[in-house]
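One structure is given below, encoded as C-alpha cells.
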Amino acid sequence: MKARVLSNRGIASSVYEMTFEWKGKKPHPGQFLMIDCQGKTFLKRPFSVNDFEEEKMTILYQVRGEGTKNLSQMKEGDILEITGPHGNGFEILEGKRVLIVGGGVGIAPLLYLAKKVKAQKLYIALGFKRETFLVEKFEGLGEVVVTTEEGSTGRKGLVTSVVEEMIGEVDIVYGCGPKPMLKALQEISMKANVLCQISLEEKMACGIGACLGCACKVREDKGFSYKRVCRDGPVFWAEEVLF
Ligand SMILES: Cc1cc2nc3c(=O)[nH]c(=O)nc-3n(C[C@H](O)[C@H](O)[C@H](O)COP(=O)(O)OP(=O)(O)OC[C@H]3O[C@@H](n4cnc5c(N)ncnc54)[C@H](O)[C@@H]3O)c2cc1C
Ligand code: FES
C-alpha cells in the first residue's frame, strides 16, 4: 500500500525517525514492515514498527547502505510503497514482571512493546555504544536504566550486566539488538530459568516466507531444523534459537 511521509528527522548520528500515514492493519508489537527504499534497491527492506497510533506509523532506522540512505533523504509528502505488518511479534503475557532489553537501533520495536505490554512491573534496559537516542520516549513507561560502553551516559558497560543483576526479579525478558547481546540474553535467561523472547534480524528478500532467504537454526528434540525469520519470527523463544 502507499503511505505518505509525515516527518523524517535525524535523532542521532546516522539514526533517523520517520513517521508516515498508515491506513493498513493495526500492528502487533514486534511486527515489521517491508518498505520500498527506491533508487536502485530492488528488494524492499524490513523495518520494525517503532510506534503506532491513530493511522500514524513510526519507524526508527540506522543508515547502513543504499536503501536506508535513500530513506533518510525522503521528505514530508513523499510517497512510500509498503507491505505488512509482517511476522509474529512478541507474545504478551499479562500481569508479569517484565524486563525489556534493547541494544543500539535494536531498541526500535521495543517502544511500541513497552506501550502495549500489560506488566505488573516494567523494567527497561537500553544499551548504547556511546550516543544515546529515544530514551526520553521510554521514560514514564517503566523503570529505565541506560548503559553506554564508555560510560558517557548512564552506567558504564554492557546492557547485559543489568540483565544479570535483575534476572532474579523478573518473570519474562524481551530483547532486540545485536546478535552477541541476544546470545547473552539466551544464556542468562536459560540459566535462571526465566522466559525470554528475542527478535532476530536476518537479511530478507521476499519477507513473506516464500524464498527461504532468512532461515535461522532452531533446536529440535533430535538435533536442529530451520525456521524463517520473516514468517515464523522475527520473535522466537530464546531457548529454541541456535546461534
Ligand atoms: C525483522 C527485521 C526488522 C528490522 N528492523 C529494523 C529497524 O527497525 N531499524 C533499522 O535500522 N534496521 C532494521 N532492520 C535492518 C534493516 O532491514 C537493514 O539495515 C536494511 O535492510 C539495510 O538496507 P540498506 O539498503 O540500507 O543496506 P544494504 O545495502 O542492504 O546493506 C548494508 C549493510 O547492512 C547489512 N544488512 C543488511 N540487512 C541487514 C539485516 N537485516 N541485518 C543485519 N545487517 C544487515 C549488510 O550486510 C551490509 O553490510 C531490520 C531487519 C529485520 C530482518
Ligand atoms: S525473506 Fe523470503 S522466506 Fe523470509
Side-chain angles (χ1 to χ4, degrees), residues 1 3 6-7 11 15-35 46-61 82-127 132-146 159 162-163 166-167 169-177 181-182 185 189 194-201 207 229-238:
M1 68 178 290
L6 299 172
S7 66
I11 60 166
V15 178
Y16 289 74
E17 183 191 70
M18 175 187 269
T19 61
F20 43 85
E21 279 178 355
W22 186 252
K23 297 200 165 69
K25 218 174 137 196
K26 187 178 169 190
H28 181 75
Q31 286 191 300
F32 65 95
L33 307 166
M34 294 293 287
I35 302 182
F47 298 95
S48 304
V49 172
N50 173 240
D51 204 359
F52 171 78
E53 57 185 34
E54 287 182 37
E55 302 193 350
K56 189 175 97 176
M57 187 76 86
T58 307
I59 59 165
L60 177 81
Y61 63 96
I82 304 177
T83 65
H86 298 287
N88 55 358
F90 293 99
E91 201 172 311
I92 294 176
L93 307 178
E94 289 187 23
K96 302 285 183 201
R97 295 168 304 163
V98 173
L99 172 59
I100 286 179
V101 188
V105 78
I107 68 173
L110 303 178
L111 179 65
Y112 188 46
L113 173 68
K115 288 186 175 181
K116 295 292 169 194
V117 81
K118 295 181 177 85
Q120 181 200 119
K121 178 85 193 167
L122 178 58
Y123 302 98
I124 302 166
L126 305 173
T132 66
F133 46 86
L134 215 76
V135 172
E136 68 289 352
K137 294 211 173 168
F138 284 90
E139 276 159 1
L141 299 174
E143 224 172 273
V144 180
V145 182
V146 172
V159 72
V162 179
V163 184
M166 296 193 60
I167 195 76
E169 294 166 44
V170 299
D171 304 307
I172 185 163
V173 177
Y174 296 103
C176 186
M181 186 200 100
L182 298 182
L185 289 191
S189 61
V194 168
L195 294 172
C196 177
Q197 290 202 323
I198 52 178
S199 182
L200 298 188
E201 261 197 26
V229 170
C230 67
R231 189 71 183 243
D232 308 312
V235 178
F236 293 87
W237 289 104

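Atoms considered below: every heavy atom in the structure, side chains included; atoms not considered: hydrogens, waters and symmetry mates.
- Remark: K121 pairs with E143 by the salt bridge (charged side-chain N to carboxylate O under 4.0 Å, His left out) rule, at least two apart or across chains.
- Using a 4.5 Å heavy-atom cutoff, the side chains of K23 and E55 are in contact.
- Shown here for I124 and A114, the closest heavy-atom pair between the two residues is CD1-CB, 4.2 Å.
- A 4.5 Å side-chain heavy-atom check between V162 and Y123 finds every atom pair outside the cut-off.
- Between F32 and C230 the shortest side-chain heavy-atom distance falls below 4.5 Å.
- Residues P109 and G30 come closest through the heavy atom pair CB-CA, 4.4 Å.
- Taken to the nearest 0.5 Å, the CZ atom of F52 stands 8.5 Å off from the NZ atom of K116.
- In this structure, Q31 CD and K26 NZ are separated by 11.5 Å, a value rounded to the nearest 0.5 Å.
- The side-chain heavy atoms of L141 and V117, taken from C-beta on, include no pair separated by under 4.5 Å.
- When side chains are defined from C-beta on, N50 counts as touching L134, because their heavy atoms get closer than 4.5 Å.
- Contact annotation: the side chain of L60 approaches that of I11 to within less than 4.5 Å [non-hydrogen atoms, C-beta and beyond].
- Across all non-hydrogen atoms, the minimal contact from I82 to A3 is CD1-CB, 3.8 Å.
- Remark: H28 pairs with no residue by the ring-ring contact (aromatic ring centres under 6.0 Å, His included) rule, at least two apart or across chains.
- Closest heavy-atom contact between F138 and I107: CZ-O, 4.0 Å.
- Partners of E17 according to the salt bridge (charged side-chain N to carboxylate O under 4.0 Å, His left out) rule, which considers only residues two or more places apart in sequence or in another chain, are R9, K137.
- I59 places a side-chain heavy atom less than 4.5 Å from the side chain of I35.
- Residue pairs satisfying the side chain to side chain donor-acceptor pair (under 3.5 Å) criterion with at least one member in residues 99-111, sequence neighbours excluded, are absent.
- Atom-to-atom distance recorded for C176:SG and L200:CG is 8.5 Å, nearest 0.5 angstrom.
- Note: F47 CZ to L33 CG = 9.5 Å, rounded to the nearest 0.5 Å.
- Residues passing the salt bridge (charged side-chain N to carboxylate O under 4.0 Å, His left out) test with K115, sequence neighbours excluded: D51.
- Partners of Y16 according to the ring-ring contact (aromatic ring centres under 6.0 Å, His included) rule, which considers only residues two or more places apart in sequence or in another chain, are Y61.
- The structure places OH of Y174 at 8.5 Å from CG of L195, a figure rounded to the nearest 0.5 Å.
- A distance of 8.0 Å separates OG1 of T58 from CZ of F20, quoted to the nearest 0.5 Å.
- Nearest heavy-atom pair across I167 and S189 is CD1-CA, 4.2 Å.
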Which donor-acceptor pairs under 3.5 Å do side chains of residues 83-93 form with protein atoms, sequence neighbours excluded?
{"from": "T83", "atom 1": "OG1", "to": "H86", "atom 2": "NE2", "distance (Å)": "2.8"}
{"from": "H86", "atom 1": "NE2", "to": "T83", "atom 2": "O", "distance (Å)": "3.4"}
{"from": "H86", "atom 1": "NE2", "to": "G84", "atom 2": "N", "distance (Å)": "3.4"}
{"from": "N88", "atom 1": "OD1", "to": "V235", "atom 2": "N", "distance (Å)": "3.1"}
{"from": "N88", "atom 1": "ND2", "to": "D232", "atom 2": "O", "distance (Å)": "3.0"}
{"from": "N88", "atom 1": "ND2", "to": "V235", "atom 2": "O", "distance (Å)": "2.8"}

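- Judged as a side chain to side chain donor-acceptor pair (under 3.5 Å), and not counting sequence neighbours, the contacts of T19 are S7.
- The two atoms that bring V98 and A119 nearest to each other are CG2-CB, 3.7 Å, heavy atoms only.
- Among residues two or more places apart in sequence or in another chain, the ring-ring contact (aromatic ring centres under 6.0 Å, His included) test is passed with Y112 by none.
- Counting only heavy atoms from C-beta outward, the side chains of L126 and T132 never approach each other to under 4.5 Å.
- Not a single ring-ring contact (aromatic ring centres under 6.0 Å, His included) links F236 to another residue, sequence neighbours left out.
- With sequence neighbours left out, the salt bridge (charged side-chain N to carboxylate O under 4.0 Å, His left out) criterion links K25 to no other residue.
- Within the structure, the salt bridge (Lys or Arg N to Asp or Glu O under 4.0 Å) test picks out the following pairs touching residues 93-103 (sequence neighbours left out): R97-D171.
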